[in-house]
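Naming convention: chains lettered A, B, ... in sequence-line order (proteins, then strands); numbering from 1 in each chain.
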Amino acid sequence: MAEYNFRDIEKKWQTYWQDNASFKADVDKTRPKFYALDMFPYPSGAGLHVGHPLGYIASDIVSRYKRIKGYNVLHPMGFDAFGLPAEQYAIQTGQHPAITTAENIVKYKEQLKNIGFSFDWAKEVQTCDPSFYRWTQWIFMQLFDSWYDYNTDKARHIDELIALFEKEGNSNIKAECDEDVPNFGAAEWNAFSFKEQQNILLKYRITYLAETTVNWCPELGTVLSNDEVKDGFSERGGFPVIRKNMMQWSMRITAYAERLLDGLERIDWPEPLKEMQRNWIGRSNGAEVDFRVENTEIDIKVFTTRIDTIYGVTYLAIAPESDLVDIIISNDKKQEIKDYVEVVKNRSERERMSDVKHITGVFTGAYALHPFTNEQVPIWVADYVLAGYGTGAVMAVPSGDQRDYDFAKHFDLPIVPIYDNMDISEHADPTKEGKMINSGILDGLGYQQAVDKAVAFIEEKGIGSSKINYRIRDAIFARQRYWGEPVPVYFKDSIPHLVDEKDLPVILPEVDKYLPTEDGDPPLGRAENFNYTPEGSSESYPLELSTMPGWAGSSWYWFRYMDALNDKEFVGKEAEEYWRSVDLYIGGSEHATGHLLYSRFWCKFLYDMGFVKEDEPFKKLINQGMIQGRSNFVYRISGSNKFVSYNLKDDYETSALHVDVNMVTNDILDIEKFKQWRPDLSDVEFILEDGQYICGSEVEKMSKSKYNVVNPDDIIEKYGADTLRLYEMFLGPLEQFKPWNTNGIDGVFKFLRKFWNLFHDDQGNFVVSDDEPAQEALKTMHQTIKKVEEDIEKFSFNTSVSSFMICANELARLKCNNRAILTDFVLILSPYAPHVAEELWQKLGHSDSLLNANFPAFNEAYIREDSYEYPVSVNGKMRTKMSFPLDMPKEDIEREVLASEVIIKWTEGKQPKKVIVVPKRIVNVVV
RNA sequence: GCGGAUGUGGCGAAAUUGGUAGACGCACUAGACUUAGGAUCUAGCGCCGCGAGGCAUGGGGGUUCGAGUCCCUCCAUCCGCACCA
């Protein structure tokens, strides 16, 4: 019998699509657009495994579906090509990261092309390509030349700020800026030197240079952003991270905190992901209050979300790192506190986090005055107070907050209840119920009244106000590494200046080694003549030596795809106004607080500045679940070269060894392959069960070291790309995490082969019938069309694959090889299994690709039944279904049900008394 | 500790959104055709029971004629944040 020859078919159509540029997506205002985007991969040396294409297959199905639905579809692919692994490899081998990266990209592209994606490769982007990163640098420059105005709630050009300073100074300006900005009037501003003015502007720029506490990773020799640090270790490499003060480039993402929260309401993203972003931004409503330090002019500002509990304050606590510590400590305590602060500071982040239970602190000897009662409140230094959140100082209310309670117990400080129903015998009670007690002017009030009154009081006295606090910090925007975008900034008179726009891109220079210099400068410090000569200047100046972080290029790349070859703008007006934003974005949830947040930030900025028309980049987002590896194990009997089969291993003392999953089928080990795997295994012996060696298994992350990596190329070689695509979808819901298991793939392959054979005779000739299709076949076909359409619209791809199989089985049973039926089937199958669909389409006599055809409409006439089966329940038990014509009146149905012998029999002679026909055409019978 | 999600056969999973739970596939069992089969076809396949029948969607309770689906409660697993005042 002539076989379904997927190898030839797939090669043929992949070539056809490429030669005909079938997926070219250009602006076409006569058609609606659809922009389907995948999170572009980092091209690692290991190549793709079967987990990578999962999301790409899903977006490809949607893309192909939308295309035959009449949409103009943009479905691009590219590479996030700057990154640490290539650089680490360069440090070890001396190989230029550009070479490694280019090689990996070639490999990735080949693997991707084998799967038959409908990518428009003409729009490919690579973030490490100067024609791409010149625009990353350009956007950096726009951010540098902007400030965030809270009065208009948007970013504005820095020239407008300068104009305001010249006219009226900064007293009326509400902007996101550094905390140490002095107040000045217009005259003062105009009298400042250029350098003084620039230093002030730097405190307003959205990209700015400032002394900040950073996450420093000594091992990697670079700073990391908060989202790149997990539990005190670097995300890449797992090296320890410490806190350090450094001059750093940062971005004022904090300015956008509120808008980043608001925007979440308008986009269709998974709720857990939105929640993660909300937590990361960490908005909390509260108030700031000043506590005057006794006998001084110093105020300690605290932030609290529970201003109602202010009468419960029995001490103040300040962070060890706080500047206040030096100012307020009394002389006789100085040494004790210095020692304490020293100890705390030297503990790493990691130690401090893992040691939450341990309570430490020291009394400063100073007192503050309670703003409501004027009573003395002792001031403590405590390491449970974080310098970086709020004001770095807290008002402690031991009765209402567990940490304050523990601290007060430990140091024997008073605990004052402030609600009448509080129970503070064992622990703090954060209740908001009840009436206030021990609370002076707040006595007798409920929670909300107390808050309102307390805020009114502090505002009237001018010692505080209500305040919204955010957890999110400004993003550090520099890495002391080689393989990243150079920052388009040079230093003149130690003031940062932007490179002239016409001189972009600032090309990443060659260096002899990819390591820091002897002076501790970043690797770019090794480059010769890494200087910049401004136009008209005879002198040249040193360029910035840091490079941009990994997320720079990915924070705007979706715009570049729209107009990838434009060398005048980052995206042309026409393309941007047509494609606007991404309609469907598929990728992993691990980017929740990194890429996905930064992208929204940059998009909003570009929107503010009028460069783009949409302020949210990704309208709909789906998180595809990770495909995990399924490792197999063999069990070596300790101290021997015997291996015992899984179910017999408990009789021996064994150690488990990972075995390459490619030598295992349905958990049965291929013993010959195993023996040839490694020289030391050639003469091992086996204890078998039923003549077979059964392996154990476990679900783990897919990785080389666990020998559980399944390469899509191998699957394609054996079953073809169409089967791979169908099977990856068939595995389960897209969003779910699931282990890869090749076991079930035969079923999907058999479906394609069976379907193929239905339209081919034993000699392999294509045979279709032109007879009228049977009603039954039409019914099945149209049900399937409807189902598949609904499934794709709701991204439920696994159930579609089942529907294909059911339909094919049914057609095979009916021996239906009808032309009209095949035509419909091919079209609905085409998003999933495009190669075989194209082949059959051609055999049906079409000269054109089916990409230009239309998705078939289902015809309800074939689906509708002429009668409906009514489930009939008696006393709560489903007894039968009874069929009645669709147009039969309700009353007649009730009468017939009542008269039904079936019912009477099952109710043991009792006559049903009541029949209720409820909506959804369901009959209820109550006896 | 806080927040979020998920729990259905031996396994991956369906269930028209409140209406005969387990579609479809894998694995398994039996049979057919075969020199052979890791091919193909047919049938079976939640659990208990010879059977009639009974019990089953993590456990317990509730609403309903009827609950995998809605409500309460407990348990388990996974993910995120974690001294955030």
| field | Nearest-angstrom distance, P atom, B:rG44 to B:rG38 | value | 24 Å

| request: Please state whether the phosphate of B:rA85, meaning OP1 or OP2, lies under 4.0 angstrom from any side-chain nitrogen or oxygen of A:Tyr389. | output: yes

| If you measure from the P atom in B:rA39 to the same atom in B:rG22, how many Å do you get, rounded? | 28 Å

| message | Suppose you measure atom C1' in B:rC26 against the same atom in B:rA36; what distance do you get, rounded to whole Å? | response | 25 Å

| query | At under 4.0 Å, does any side-chain N or O of A:Arg753 touch on OP1 or OP2 of B:rA39? | reply | no

| field | From B:rA85, B:rG3, B:rG25, nucleotide with atom closest to A:Phe730 side chain | value | B:rG25

| message | Just N and O in the side chain of A:Arg471: are any of them under 4.0 Å from OP1 or OP2 of B:rA82? | response | yes

| query | Would you say B:rA13 has OP1 or OP2 under 4.0 Å from some side-chain N or O of A:Gln736? | reply | yes

| A:Val394 has a side chain; which of B:rA85, B:rA13, B:rG4 sits nearest to it? | B:rA85

| said: Categorize A:Pro739 for me: base, sugar-phosphate, or nothing, with a 4.0 angstrom heavy-atom threshold over every strand shown. | reply: nothing

| So, are A:Lys718 and A:Asp714 salt-bridged, with charged N and O less than 4.0 Å apart? | no

| said: Given B:rU40, B:rG38, B:rC41, identify the nucleotide with an atom nearest to the side chain of A:Lys750. | reply: B:rU40

| task | Kindly say if A:Asn798 contacts the phosphate of B:rA14, meaning a side-chain N or O under 4.0 Å from OP1 or OP2. | result | yes

| query | Within less than 4.0 Å of OP1 or OP2 of B:rG25, is there a side-chain N or O belonging to A:Asn809? | reply | yes

| request: Would you sketch RNA chain B in dot-bracket for me? Only Watson-Crick or G-U wobble pairs with both distances under 3.5 Å count, crossing pairs as [ ], other-strand pairs as |, the rest as dots. | output: (((((((..(((......[....))).(((((.......))))).(((....)))..(((((..]....))))))))))))....

